[in-house]
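To start, the structure under review is shown below, and the notes come after it.
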Amino acid sequence: MKHRIIQFYTICFLALGLISCKSGQAQKKGTLESSTVSENIVNHSILLGADNYDLYLPLLKNKKVGIVTNQTGILSNGTHLVDFLISKNTHLTTIFAPEHGFRGTADAGEDIVDGKDTKTSLPIISLYGTNKKPKPEQIQQVEIMIFDIQDVGARFYTYISTLHYIMESCAENNIQLIVLDRPNPNISIIDGPVLEKEYTSFVGMHPIPLLHAMTIGEYAQMINGEKWLKGGIQCDLKIIPCHNYDRKMLYSLPVKPSPNLPNDKAINLYASLCLFEGTNVSVGRGTDMQFQIYGSPYLPKTNFSFTPNPNIGAKDPLHKGKECFGENLSDLPFVDKLEIKWLIKAYNSTTDKSKFFNDFFVKLAGTKKLREQIEKGVSETEIRKSWRKGLNEFKEMRKKYLIYN
C-alpha cells in the first residue's frame, strides 16, 4: 500500500523559562509554538496515525462520519484533520468536542456548550459539562466515528475519560470507532498509586496508575480488552498506529494539548504538579509558567514568588492577585517518575496544615492513602514502596495491549 511519507521531526525541548521574582511574569523559551531542539535528542521521523490515511480513508467511503477531536487533531504538515477529511470528500456530519472545546481555549473545568464550527458550519456537540457521553439522538447521523486527540499519559487528563464514553456510546449504537494514534510524551513513565474503584470519577475512571506509559491507541485497546465499558460491552475498535515510533523516543507536541500546558517542560511536570490542584497551592495558572512552578501565600517567603492574574485558560486563577512563594522548576532535567517531594515539602512547611488539602485531592490521587501518608509523615521511600504491588500488576496487564516496542 502506498503511503505519502510526511516527515515529522519530533523535538524534545525542556523549556528553561525564567520568571521574575515578585511579579509572576515569565519570559518563555521553547514553547510548543516555537520549539528548540534539546542537545540530548536526535530528531526522528514519525508518521502519525492521522498521516496514515491510506489505512482509514477507505473505511469512511460512503459513510456518515463523526469525529472527536480538538486543536491537537492535525496531520504532520499542520493540516487539521477536519479540513483534510473535507478535502477528501468525506461525509462529515458532526464534531464532538472534549474538555477545553474544539479549539482548545476554554478553562479547565469550564462547561463547553454546543455550537457550530464557523469554518465548516459543522455542528459541534460538547462532551464536557453535563453531557460527557453522546446521547442516541446526538449520534443518529453517525455511521462511523473517528477519535483523534493528543494525550499526555496522565490518568486525570480527561481526554482518556472522553475516549471511554465515546467507546461506550459507539458500542451501544453499533458504530465502529477508529482511533488515530499519537505518541505519548511521557511514554517512559509508569508510576504513582493505582486508582481504587470507590474513587472513580471523570478525572480517574480506570484502575491504572497516575502515569500509565501508553499511547491513546494502546489505552483504547486496554479499555476494550479489560471490559471496562458499562456492562462489559466491547467496542468495534480499529487503531491506526504511528509508524517509525518506539517507546524510547521523547516526543515534543507541535501544539498545546490544553491552555495550561504551554511547553514540553509543563507536559513533563504535569502529573507531579497536578496533585497540587487538590491543595491550596497554585501550579502557576494565571502566569505564563503553568505547571512549571508552584507556590502559595501560605508557604514560607523565599527569593522566588509569583502573582497569578487572569489570562487565557485561567479566568479566575487560584490566589488571584496574591503573592505566592514557592519554587521555579523550569530548569530541571526531564523528570522520569511521579515526583512527590514538592508536595511533601509544601505540606510540611505550610502555615496551617488543616487547610492544605481539599476534597479534590482524593479524586486526583485515586486513593485516600496518599493524603493519609503525607499527613502522618510517612517517608517518600515508604510511600513509593506502597505503590509497588499495584504497579507490578498493572505492568503485567498492559503488556498484551502494547503496539510499540
Side-chain angles (χ1 to χ4, degrees), residues 99 108-109 132 151-165 184 186 188-214 219 222-223 226-230 268-283 291 294 296 318 335-350 353-399 401:
E99 182 178 8
K132 293 183 172 66
D151 186 41
V152 299
R155 185 182 68 216
F156 35 53
Y157 206 56
T158 62
Y159 297 157
I160 58 175
S161 300
T162 295
L163 173 66
H164 172 106
Y165 282 124
N184 175 354
N186 290 305
S188 63
I189 314 172
I190 304 176
D191 206 7
V194 172
L195 180 135
E196 297 166 10
K197 187 176 181 180
E198 58 265 43
Y199 304 114
T200 299
S201 72
F202 197 63
V203 292
M205 296 193 67
H206 308 120
I208 64 168
L210 279 178
L211 285 156
H212 54 72
M214 302 178 80
Y219 196 81
M222 178 181 282
I223 291 173
E226 296 302 311
K227 298 185 178 180
W228 286 337
L229 302 179
K230 185 172 65 177
N268 177 228
L269 291 172
Y270 169 71
S272 300
L273 295 189
C274 193
L275 288 170
F276 276 123
E277 305 258 58
T279 73
N280 63 7
V281 175
S282 165
V283 292
F291 290 99
Y294 74 88
S296 165
L318 180 66
V335 173
D336 62 359
K337 61 183 176 181
L338 181 75
E339 189 59 85
I340 58 172
K341 65 182 179 183
W342 304 308
L343 181 67
I344 294 170
K345 178 182 178 180
Y347 174 78
N348 288 338
S349 59
T350 192
K353 292 179 172 56
S354 68
K355 295 179 180 178
F356 184 79
F357 290 107
N358 60 52
D359 292 342
F360 193 43
F361 185 84
V362 172
K363 285 187 177 182
L364 291 170
T367 174
K368 277 187 178 178
K369 192 172 184 180
L370 180 57
R371 173 176 175 171
E372 292 170 349
Q373 288 170 322
I374 292 171
E375 289 176 332
K376 291 176 181 177
V378 177
S379 70
E380 179 182 347
T381 299
E382 290 302 310
I383 291 173
R384 291 190 178 280
K385 282 182 182 179
S386 71
W387 300 343
R388 195 174 296 164
K389 181 175 181 293
L391 288 172
N392 288 338
E393 290 172 352
F394 172 76
K395 289 175 185 176
E396 189 63 31
M397 177 181 69
R398 79 190 256 282
K399 284 180 181 178
Y401 302 114

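Remark: side-chain polar atoms of Asn280 are paired, donor with acceptor, to backbone N or O of Lys355 under 3.5 angstrom. Checking side-chain atoms of Asp191 against main-chain N and O of Leu211 turns up no donor-acceptor pair under 3.5 Å. When atom types are taken as modelled, the side chain of Thr158 and the backbone of Ser161 share no donor-acceptor pair closer than 3.5 angstrom.
The closest side-chain heavy-atom distance from Asn268 to Ile189 is below 4.5 Å. Side-chain atoms of Arg371 and Glu375, non-hydrogen and from C-beta on, do get closer than 4.5 Å to each other. Tyr270 places none of its side-chain heavy atoms less than 4.5 Å from the side chain of Asn186. For the pair Arg384 and Lys337, the minimum side-chain heavy-atom distance is below 4.5 Å. Taking the side chain as every heavy atom from C-beta outward, Asp151 and His212 approach each other to under 4.5 Å. The closest side-chain heavy-atom distance from His164 to Lys230 is not below 4.5 Å. Side-chain contact between Thr350 and Thr279: absent, with no pair of heavy atoms (C-beta onward) separated by less than 4.5 Å. Leu275 is listed as a side-chain neighbour of Leu210, based on a closest heavy-atom distance under 4.5 Å.
Across Pro193 and Leu338, no two heavy atoms sit closer than the pair CD-CD2, 4.3 Å. The nearest pair of heavy atoms linking Gly192 to Pro209 is O-CB, 3.6 Å. Tyr165 and Lys132 get closest at one heavy-atom pair: CB-O, 3.4 Å. The shortest non-hydrogen separation linking Ala213 to Ile190 is CB-CG1, 3.3 Å.
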What side-chain donor-acceptor pairs closer than 3.5 Å can you find for residues 390-397, not counting sequence neighbours?
from   : atom 1 : to     : atom 2 : distance (Å)
Asn392 : ND2    : Arg388 : O      : 3.4
Glu393 : OE2    : Lys389 : NZ     : 2.6
Glu396 : OE1    : Lys399 : NZ     : 3.1

Side-chain polar contacts of residues 362-369 - donor-acceptor pairs under 3.5 angstrom, sequence neighbours left out - could you list them?
from   : atom 1 : to     : atom 2 : distance (Å)
Thr367 : OG1    : Glu196 : OE2    : 2.8
Thr367 : OG1    : Lys369 : N      : 3.0

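Ring planes of His206 and Trp228: parallel class, angle under 30° (limits at 30 and 60°).
Summarising the geometry, atom NZ belonging to Lys341 is positioned 10.0 Å from atom OG belonging to Ser272; distances are rounded to the nearest 0.5 Å. Between the CG atom in Asn348 and the NZ atom in Lys353 there is a gap of 6.0 Å [rounded to 0.5 Å].
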Inset, instruction - Mind running side-chain contact (heavy atoms from CB on, under 4.5 Å) on Ile383 and Ile344 for me, showing each step along the way? - result: CA-CA 11 Å; Ile383 291 173; Ile344 294 170; 4.2 Å; yes
Inset, instruction - Could you go through the ring pair (Phe, Tyr, Trp, His ring centres under 6.0 Å) check for Phe291 and Phe276 one step at a time? - result: CA-CA 10 Å; Phe291 290 99; Phe276 276 123; 9.9 Å; no
Inset, instruction - Take Ile208 and Tyr219 through the test side-chain contact (heavy atoms from CB on, under 4.5 Å) and record every step on the way to the result. - result: CA-CA 10 Å; Ile208 64 168; Tyr219 196 81; 3.2 Å; yes
Inset, instruction - Please step through side-chain contact (heavy atoms from CB on, under 4.5 Å) for the pair Phe156 and Glu277, ending with a clear verdict. - result: CA-CA 11 Å; Phe156 35 53; Glu277 305 258 58; over 6 Å; no
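Electrostatic pairing of Lys376 and Glu372 does not count as a salt bridge here, judged by no charged N lying under 4.0 Å from a carboxylate O.
Screening Trp342, Phe356, Phe361 for a ring-ring contact (aromatic ring centres under 6.0 Å, His included) with Tyr347, the sole residue that qualifies is Phe356.
Within a 6.0 Å sphere centred on NZ of Lys227, other residues, nucleotides and ligands contribute 12 heavy atoms or fewer.
Applying the side-chain hydrogen bond (donor to acceptor under 3.5 Å, both in side chains) rule to Arg398 yields no partners; only residues at least two apart in sequence or on another chain are considered.
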